[in-house]
> 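What follows is a structure written as C-alpha cells; I'll ask about it next.
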There are 2 protein chains.
Amino acid sequence: MPTQTVSDTARAAQIFQALSDETRLEIIAMLESGERCVCELQDSLDAAQSRLSFHLRVLKEAGIVTDRREGRWSYYELNREVFDDAEAILKDLRPRGRRGASRAGECCG
Amino acid sequence: MPTQTVSDTARAAQIFQALSDETRLEIIAMLESGERCVCELQDSLDAAQSRLSFHLRVLKEAGIVTDRREGRWSYYELNREVFDDAEAILKDLRPRGRRGASRAGECCG
DNA sequence: TGAAAATATCAAGGATTTTTGATACGTCAA
DNA sequence: TTGACGTATCAAAAATCCTTGATATTTTCA
C-alpha cells in the first residue's frame with residue numbers, strides 16, 4: 001500500500017483551496033485550450049508579475065498545473081489527472097440516497 | 001435573464017473556498033447520509049460549539065447546506081443542487097482537446 | 001416563573017493568504 | 001562581456017480566515 005503522507009481530506013482541501021481564488025480560476029480558464037507561457041498570461045490577466053508568479057506556484061503545488069522552462073520562458077499547462085481526482089472527490093462528497101432522509105428524532109431525544 | 005449579482009467566477013471561488021477546509025469537509029461527510037442535528041455533529045467532530053457554528057455558517061452562505069430549526073435543535077442537510085453546480089464548474093475548468101496541445105512559439109516570438 | 005439546554009453571534013487574537021515592491025537568477029543577443 | 005529580458009523569490013504590509021471565550025436568544029421543562 002502507498003504511504004499516506006496526507007489524509008484524503010487534507011488533499012481534497014488543498015485542491016479546493018487552490019481553486020478558491022478568482023485569479024487562479026482565470027488562469028485555469030486561460031490554460032484550458034493548452035499550454036501558455038507566463039508572458040501571455042500576464043498580458044491577458046492584468047496581474048503584477050510577482051502576483052501571477054505566486055498564483056502559478058499555488059496551482060503547481062496543488063498539482064493543478066505543471067510547468068516547463070524553455071530558454072527564458074516558462075510554460076504552464078493543466079494537469080488532467082487532478083481534474084479526475086477533483087471529480088472523484090466531489091462525487092464522494094455528494095449526498096447519497098433519497099432526498100431529505102431525515103434523522104430527526106434519532107438524536108437529542 | 002437573471003440579474004447576475006456575482007460573476008460565475010466569483011461563485012465558483014465561493015463554492016471551492018467553502019470546500020477548502022478540513023473541518024468543513026468532515027461536516028459534509030457526516031451529512032452525506034442525511035440530515036443531522038448540530039449536537040450530533042458536535043459529538044462526532046470534537047469541535048468547540050462556536051467553531052462548529054462558524055463552519056456551518058460558511059457552508060450555509062455558500063449554499064452547500066440548508067438548515068431547519070425544530071424546537072431547540074437545528075438540523076443541517078446537504079443541498080444537492082450545489083453539488084451539480086460544482087460538478088458543472090469543474091467540467092468547465094477541465095482541459096479541452098488533445099493532451100499537450102502546445103502553444104509554444106506562438107508567443108514571446 | 002425560573003433555570004437549563006441548544007444554538008447563534010460577537011469581539012479579540014492568532015494564523016494563513018494575498019499583494020506589493022525589491023532583488024536575484026538564468027538566458028539571450030549585441 | 002555586458003545589458004536587457006523573462007521569471008522566480010523574498011520580505012513586509014494588507015487582507016482574510018479561523019479559533020476562542022463570552023454573551024445573547026430561544027425553547028423547554030420543573
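Reminder, nothing fancy here: chain letters follow the sequence lines and each chain counts from 1.
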> Measure from CD on B:E22 to C1' on D:dC18 and round the result to the nearest Å.
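Distance, rounded to whole Å: 13 Å.
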
> So B:L41 and B:L31, do their side chains get closer than 4.5 Å, heavy atoms only?
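Yes - at least one pair of side-chain heavy atoms lies under 4.5 Å apart.
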
> Can you find a side chain N or O atom of B:S74 that sits less than 4.0 Å from OP1 or OP2 on C:dA8?
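Checking B:S74 against C:dA8: at least one side-chain N or O falls below 4.0 Å of OP1 or OP2.
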
> Where the side chain of A:R51 is concerned, which of D:dC18, D:dT7, C:dT20 is the nearest nucleotide?
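So the nucleotide nearest the side chain must be C:dT20.
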
> Quick one: which of C:dT7, C:dC28, D:dC18 gets closest to the side chain of A:R72?
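Nearest to the side chain of A:R72 among the choices is C:dC28.
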
> Consider the side chain of B:S50, meaning its heavy atoms from C-beta on, and name the nucleotide among C:dC10, D:dA8, D:dT9 that approaches it most closely.
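Looking only at heavy atoms from C-beta outward on B:S50, the closest nucleotide is C:dC10.
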
> Report whether B:M30 and A:L90 are members of the same hydrophobic cluster (ILVMFWY, side-chain heavy atoms less than 4.5 Å apart, transitive linking).
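In one cluster with B:M30: A:L90, yes.
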
> Rounded off to whole Å, could you give me the CD-to-P distance for the B:E40 and C:dA6 pair?
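Whole-Å distance recorded here is 12 Å.
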
> Mind calculating the distance between CZ (A:R68) and P (D:dA8) to the nearest angstrom?
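A:R68 atom CZ is separated from D:dA8 atom P by 13 Å.
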
> Could you pick out which residue, A:G71 or A:S20, lies toward the 5' side of DNA chain C when each is mapped onto its nearest nucleotide?
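Residue closer to the 5' terminus by nearest nucleotide: A:S20.
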
> Please set out all donor-acceptor pairs under 3.5 angstrom arising from side-chain atoms of residues 10-24 of chain A, sequence neighbours excluded.
from  : atom 1 : to    : atom 2 : distance (Å)
A:R11 : NH1    : A:Q14 : OE1    : 2.7
A:R11 : NH1    : A:A62 : O      : 3.0
A:R11 : NH2    : A:A62 : O      : 3.1
A:Q14 : NE2    : A:E61 : O      : 3.2
A:S20 : OG     : A:Q17 : O      : 2.7
A:D21 : OD1    : A:T23 : N      : 2.9
A:D21 : OD1    : A:R24 : N      : 3.1
A:T23 : OG1    : A:R51 : NH1    : 3.2
A:R24 : NE     : A:A18 : O      : 2.8
A:R24 : NH1    : A:H55 : ND1    : 3.0
A:R24 : NH2    : A:Q17 : O      : 3.2

> Just N and O in the side chain of B:Y76: are any of them under 4.0 Å from OP1 or OP2 of C:dA6?
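No, outside the criterion.
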
> Any side-chain heavy atom of A:D67 within less than 4.5 Å of one from A:L56?
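Not touching, per the 4.5 Å side-chain cut-off.
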
> Please evaluate the base of D:dA8 for a donor-acceptor partner in the side chain of A:Q49 within a cut-off of under 3.5 Å?
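Between D:dA8 and A:Q49, which were checked side chain against base, a qualifying N/O pair under 3.5 Å is present.
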
> Once you round it to whole Å, what is the distance between P of C:dT18 and CG of A:L45?
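Rounding to the nearest Å, CG of A:L45 and P of C:dT18 are 15 Å apart.
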
> Where along residues 52-65 of chain A does a heavy atom come under 4.0 Å from DNA chain C, residue by residue in number order?
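Correct list: A:F54, A:H55.
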
> Looking only at non-hydrogen atoms, find the nearest pair between A:L93 and B:L78 and report the distance.
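Nearest heavy atoms, A:L93 then B:L78: O-CD1, 3.7 Å.
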
> Nearest to the side chain of B:Q42, which nucleotide is it out of C:dT7, D:dA22, D:dA8?
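Nearest nucleotide to the side chain: C:dT7.
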
> Whole Å only: how far is the CD atom of A:Q14 from the P atom of C:dT16?
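Value for this atom pair: 15 Å.
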
> Given A:L59, which of A:N79, A:V65, A:T66, A:V82 fulfils the side chain to side chain contact (heavy atoms under 4.5 Å, CB included) condition?
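By the side chain to side chain contact (heavy atoms under 4.5 Å, CB included) criterion, A:L59 pairs with just one of A:N79, A:V65, A:T66, A:V82: A:V65.
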
> Roughly how far, to the nearest 0.5 Å, is the CZ atom of A:R80 from the CG atom of A:D84?
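So the CG of A:D84 and the CZ of A:R80 are separated by 8.5 Å.
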
> Over how many whole Å does the gap from B:W73 atom CH2 to D:dT26 atom C1' extend?
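Distance, rounded to whole Å: 13 Å.
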
> Using whole Å, report how far CZ of B:F16 lies from P of C:dT17.
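It is 18 Å, rounded to the nearest whole Å.
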
> Can you measure B:Y75 atom OH to C:dT7 atom C1' for me and round it to whole angstrom units?
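Going from OH in B:Y75 over to C1' in C:dT7 covers 13 Å.
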
> Choose from C:dT18, D:dT7, C:dT7 the nucleotide whose nearest atom is closest to any side-chain atom of B:R69.
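Among C:dT18, D:dT7, C:dT7, the one nearest the side chain of B:R69 is C:dT7.
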
